[in-house]
Amino acid sequence: MQRTTSSTRPALAALTVALLLSACATTPPPVLPPVTEAGPPAPQAPLVTPRMVAAREALRTMVDLQDRLYRVAAPLLINNAELCRTQARSLLGFTAKNKWSYPGEYADAAEAVLGYGDTLQVSGVLAGSGAARAGLRKGDALVAADGKPLPTGRGAETQAAAVFGPLVSKRAQLSMTVERVGSTQVLKVPVTRACAIRVDLGNADNINSYADGSRVAITRGMINFAQSDEAIAYVLAKDIAHNVLGHATTLRNSATIGSMIDNLTSVRPDLSLLIGTSGIRPVPGDMEAAADTLALYMLARAGYPIERYKGFWQRVAAQYPSSVLNGYMAIHPNLPQRMVAIDRAVAEIRAKQATKKPLVP
């Protein structure tokens with residue numbers, strides 16, 4: 001064994017210190033968990049019940065169908081002001097709603113699905129209208145009209161209509177202040193001369209449509225039966241024509257059909273009212289023929305093809321005859337007389353189109 005001499009002791013001491021330093025450098029100190037202060041509990045997501053989910057799905061479907069009706073109706077209403085006679089008005093060409101436009105759980109649905117709150121938002125813009133030309137968009141929040149603040153909260157839809165009415169009747173255009181994506185802008189919206197007939201979705205599955213003199217309602221069932229936009233336009237044109245010709249008033253059907261439309265445009269209609277014909281008088285054959293004739297002219301002026309108009313109504317009559325008491329043919333019978341009038345009107349329209357004559361009955 002080698003003895004440690006006095007000359008080697010400093011070297012060993014230096015080596016020992018180096019090893020200790022090396023151990024300190026390569027061995028990390030123990031890591032202690034950070035000390036945190038207890039914060040407030042995370043907010044819980046609002047409870048969404050199955051009934052609320054069902055309301056949201058129902059509202060989404062209704063809005064999609066209503067948007068489709070606006071799109072189909074737009075050329076009929078805008079291109080036929082000349083034929084609408086006393087029904088023509090100066091219009092801005094948009095609709096607006098807020099969450100309070102819907103009852104109960106549907107107010108929650110409007111907020112969750114459509115993003116609605118207390119402020120009115122543009123819910124639809126009629127293609128070809130002054131609002132469309134000015135660049136108004138679905139979803140724009142309505143702030144003011146000609147500098148006058150627009151109402152918010154419950155009842156805002158009705159109150160805003162009372163603000164717009166007098167302004168539109170006196171102006172060629174309206175200054176609209178809207179909020180879009182967090183910024184406010186002012187749009188100059190020209191008024192549009194059009195048929196002032198409101199088009200609504202009837203929230204029911206029966207195959208029918210209704211006209212009360214100022215409104216048209218076409219049921220969800222009729223839309224599904226018609227399938228194409230062209231066929232939906234046939235139904236809308238026929239009822240617009242009934243309104244223009246004053247048939248509901250003549251038959252004293254206005255109040256009865258008006259109540260039916262009010263019911264069916266609800267998100268929760270009373271479907272028991274569809275039993276039988278609901279007190280609505282059937283339209284006589286001469287009125288039906290007159291409405292078909294005017295409808296065909298309106299369709300042609302709006303750019304819709306008219307060749308399949310007759311076949312569509314024959315299909316309705318074959319599948320839902322007048323014996324179906326809550327169906328279309330129960331209120332609109334007299335198909336043979338209608339077919340004669342349709343053939344005559346189609347021939348007239350084609351002759352006028354060929355000779356470049358105005359499409360006026």
Side-chain angles (χ1 to χ4, degrees), residues 69 73 76 83-87 195-223 225-226 231-232 234-266 269-298 309-310 312-342 344-345 361:
L69 287 181
L76 289 169
L83 300 187
C84 275
R85 305 174 189 176
T86 58
Q87 298 276 21
C195 300
I197 294 174
R198 178 172 157 181
V199 175
D200 283 321
L201 170 69
N203 190 20
D205 290 321
N206 65 316
I207 312 301
N208 219 328
S209 65
Y210 305 89
D212 70 350
S214 61
R215 294 178 297 173
V216 167
I218 176 172
T219 64
R220 178 176 61 240
M222 178 62 94
I223 293 174
F225 173 82
I232 293 171
Y234 293 163
V235 181
L236 290 175
K238 177 77 180 305
D239 281 326
I240 290 171
H242 275 305
N243 280 347
V244 171
L245 296 171
H247 290 164
T249 302
T250 301
L251 294 173
R252 298 181 181 177
N253 267 344
S254 295
T256 305
I257 298 177
S259 296
M260 176 61 72
I261 292 176
D262 287 338
N263 174 52
L264 291 180
T265 54
S266 167
D270 181 359
L271 300 180
S272 67
L273 295 180
L274 295 175
I275 296 173
T277 57
S278 306
I280 300 173
R281 299 180 183 182
V283 181
D286 59 337
M287 290 186 178
E288 288 285 10
D292 281 316
T293 298
L294 181 56
L296 283 162
Y297 274 90
M298 288 183 161
Y309 183 87
K310 178 180 177 179
F312 171 76
W313 293 115
Q314 288 173 323
R315 181 163 67 93
V316 174
Q319 297 188 37
Y320 298 93
S322 57
S323 58
V324 180
L325 294 181
N326 64 353
Y328 187 91
M329 299 309 295
I331 301 174
H332 305 271
N334 304 298
L335 186 65
Q337 187 174 354
R338 291 182 59 194
M339 296 299 100
V340 173
I342 289 170
R344 183 170 56 247

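Since this is a predicted model, take the numbers as computed values, not measurements. What you see below is based on every heavy atom in this structure, not just the backbone, and it leaves out hydrogens, waters and symmetry mates.
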Trainee: Consider ring-ring contact (aromatic ring centres under 6.0 Å, His included). Of Phe225, Tyr328, Trp313, which one does Tyr320 pass it with?
Mentor: Phe225
Trainee: Are there over 12 heavy-atom neighbours, none belonging to Arg315, within less than 6.0 Å of that residue's CZ?
Mentor: yes
Trainee: May I ask you to test the Met287-Leu251 pair for a side-chain heavy-atom distance under 4.5 Å?
Mentor: yes
Trainee: Check whether any side-chain N or O of Asp292 sits under 3.5 Å from a backbone N or O of Ile342 as a donor-acceptor pair, and report yes or no.
Mentor: no
Trainee: Taking side chain as C-beta onward, heavy atoms only, is Leu76 less than 4.5 Å from Cys195?
Mentor: no
Trainee: Is a side-chain N or O of Asp200 found less than 3.5 angstrom from the main chain of Thr265, in a donor-acceptor match?
Mentor: no
Trainee: Taking C-beta and beyond as the side chain, do Asp239 and His332 meet within less than 4.5 Å on heavy atoms?
Mentor: yes
Trainee: So does Arg215 get a backbone contact from the side chain of Asn243, meaning a donor-acceptor N/O pair under 3.5 Å?
Mentor: yes
Trainee: Which heavy atom of Ala291 sits nearest a heavy atom of Lys238, and at what distance?
Mentor: CB-CE, 3.8 Å
Trainee: Working to the nearest 0.5 Å, report the span between CG of Leu294 and SG of Cys84.
Mentor: 7.5 Å
Trainee: Look up atom OG in Ser259 and atom CG in Asp270, then write down how far apart they are to the nearest 0.5 Å.
Mentor: 12.0 Å
Trainee: Quick one: are Leu274 and Pro269 in side-chain contact, heavy atoms under 4.5 Å?
Mentor: no
Trainee: Thr219 side chain to Asn208 main-chain N or O, any donor-acceptor pair under 3.5 Å?
Mentor: yes
Trainee: What pair of heavy atoms forms the shortest contact from Asn334 to Pro284, and how long is it?
Mentor: ND2-C, 3.7 Å
Trainee: What is the distance from atom OG of Ser209 to atom CD1 of Ile232, rounded to the nearest 0.5 Å?
Mentor: 11.5 Å
Trainee: Donor-acceptor check, side chain of Gln87 to backbone of Gly213, threshold 3.5 angstrom: yes or no?
Mentor: yes
Trainee: Counting only heavy atoms not in Arg220, do more than 12 sit closer than 6.0 Å to its CZ atom?
Mentor: yes
Trainee: Angle between ring planes, Tyr309 versus Tyr234, binned at 30° and 60°: parallel, tilted or perpendicular?
Mentor: perpendicular
Trainee: Does a side-chain heavy-atom distance below 4.5 Å link Val244 with Leu83?
Mentor: no
Trainee: What are the two closest heavy atoms between Ala290 and His247, and how far apart are they?
Mentor: CB-CE1, 4.4 Å
Trainee: Please check this pair: side chain of Thr256 against backbone of Ile280, looking for a donor-acceptor N/O pair closer than 3.5 Å.
Mentor: no
Trainee: Between Asn253 and Gly279, which heavy-atom pair has the shortest distance, and what is it?
Mentor: OD1-O, 4.4 Å
Trainee: If we only count heavy atoms from C-beta on, is the Leu69 to Ile223 side-chain gap below 4.5 Å?
Mentor: yes
Trainee: Is the shortest heavy-atom distance from the side chain of His242 to the side chain of Glu288 under 4.5 Å?
Mentor: yes
Trainee: How many angstroms lie between atom CD1 of Ile207 and atom CD1 of Ile218, to the nearest 0.5 angstrom?
Mentor: 9.5 Å
Trainee: Between Ala248 and Ala211, which heavy-atom pair has the shortest distance, and what is it?
Mentor: CB-O, 3.6 Å
Trainee: Nearest 0.5 Å please: distance from the CG atom of Asn206 over to the CG atom of Asn326.
Mentor: 5.0 Å
Trainee: Supply the atom-to-atom distance Leu245 CG to Thr250 OG1, rounded to the nearest 0.5 angstrom.
Mentor: 9.0 Å
Trainee: What closest approach, in Å, do Ile257 and Tyr210 show between heavy atoms, and which atom pair accounts for it?
Mentor: CG2-CB, 3.6 Å
Trainee: Does some side-chain heavy atom of Met329 sit less than 4.5 Å from a side-chain heavy atom of Val324?
Mentor: no
